[in-house]
Amino acid sequence: MSRCDILISGGLLVDGTGDAAREADVAILDGRIAAIGPKLAVDATRTIDARNQVVAPGFIDIKTHSDWTLPLNPKAESKIHQGVTTEVIGHCGYSCAPALPGKAGILKDYLSPSAPWLTFIDQSFHDYLNSFPTTSTNIVPLVGHNTLRLMTMGLANRACSNDELEQMASLLEEALDAGAQGMSTGLFTPPGAFSKPEETIALAKIVKRKGGRYFTHLRDEANDVFSALDEAIDLGAQSGVHVQVVHMKLSGLDNWGKADAMLARVAMAREHGVAIDCDQYPYTAASNPLKNLLPRWVQSDKLDEMMARLADPANRARMRVEIDEHGLNNFGRIKDWEAIRISVSPNQSQFAGRTIADLAKERGIDGLDCVCDYLIADKCATRVLVDSISEDDIQTMIKSAHVCVGSDGNCVAPYGITGQGKPHPRFYGTFPRIIGHYSRDLGLIDLPLAIHKMTGASAHALGFTDRGWLKPGCAADVTIFDPAEFAELATYEKPHQYPAGASTMVLVNGTVTLDHAEHTGALAGHLLKRA
Ligand SMILES: [Zn+2]
């Protein structure tokens, strides 16, 4: 080779395998890595001087909900600025398709608390993918089990019939044939929570037969997290499908300190031949609709009904007792109401960033009354951050080579429609936080391992062979950054901030998409359909 499009010269190469850094140039031709080696003698249309910079594979965000924002922010700015070049979408059982004829409204009602700015239309999964916008990041689409169940049996609180299972199976096959990389479940919330393991195992067998993968938000992440993990492992054992446990965590004070035990159980399953991986985000706060924190019996998909239940003093008394005893639904016991912070509040945006403890004090009422009053005033559409995970458990998982990095965040930008409210800082900070805070500053893991956990390990969990590593023949997804400067700046109070690092460069399929920390506007991402 005598010519290439781009030569990345003089950088410190960290190739995604976990191997030590080495000095090497990278030559890129036609969107792929053409050669790697010290001092390559090759003419290039553009040479990027990477002296004193780390040259790594573009980061894979294995866990996102960017399908909710990519149509509004196709430049995926909060992701590109972090060095992310690939995003997996459609997680936790939520996908924006299929919507059967006449049923887009059901999907809209169901998803709009999480995706308030998105338009929903009747469309097959095939049409959804075919009309998906061109984006800056590569996209790996999943079809969601909650969506399949909604289309088949609405929010019915019961096991599916054989007919309904057949309908879900046929929609699933259609989505997989259209290019979905797999199926996601969100078993913590209706309607997935109403399914029995037999239902998800039957569907997982179809996913396996089609060569796809299974991604699960466990049925419980708090007081029953171990039995929920066992359910996922059992599904993997019975169906043979690869299982990804997404945003793995232990929520609630009573469950803290058990990350080692959880990782041991995953390792044991792997030893027994179950194909299983997991991922985490490096923050102690989770994000959820506020209403989901209350006992199940209070919740209703009918807004009037739910608001009436919230207003009733007898219901509040019953909730108070249950929460004192078991903690919050999905999250377990929290320290106090200081742990709940308003994130996005469509009808009361002035309170974004305030905690329930703070608002309750101001209003002279207790935390639970404050939650109920708040939900009524915000028509139950409030999203909150819940500080419910232990920092020790987070660090235990960070130290494990087997836990991939996923933000669980949407792509957003500090301006325009996605710049509203106070989203979780993980939307902007996940990847630089692992590299800057946990690897460089705390020294928990070395840089090659940190990068492996967000590139090669994720590529392996997704079954990729030509993305996630820097080696000849791979897609030229590359992130170049200054290892002394790269750091997250987003905070809970001021989340809409890109990471530090004025020299950061990001290439997607060989196209420069971030040039010295400026987005070039390039939309060079590929929609990565299942082959
Ligand atoms: Zn989830």
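We count ligands from 1, going down the list as the structure has it; atoms in each ligand are counted the same way. For clarity, every value in this text was computed on a predicted model and none was experimentally measured.
- Residue pairs meeting the ring pair (Phe, Tyr, Trp, His ring centres under 6.0 Å) criterion with at least one partner in residues 381-403, sequence neighbours excluded, do not occur; the list is empty.
- Pairs passing the ring pair (Phe, Tyr, Trp, His ring centres under 6.0 Å) check and including a residue from residues 105-126, sequence neighbours excluded, read Tyr94-Tyr110, Phe125-Tyr128.
- A 4.5 Å side-chain heavy-atom check between Asn330 and Asp220 finds every atom pair outside the cut-off.
- Sorted by first and then second residue, the pairs that involve residues 207-242 and meet ring pair (Phe, Tyr, Trp, His ring centres under 6.0 Å), not counting sequence neighbours, are His91-Phe215, Phe188-His217, His217-His247.
- Only protein atoms were considered; those of element N, O or S under 2.8 Å from the Zn ion (ligand 1) number 3.
- Formation of a donor-acceptor pair under 3.5 Å by the Asp279 side chain with backbone atoms of Val405 is not found in this model.
- Counting only distance, with no hydrogens or angles, the side chain of Lys453 and the backbone of Cys404 share no donor-acceptor pair below 3.5 Å.
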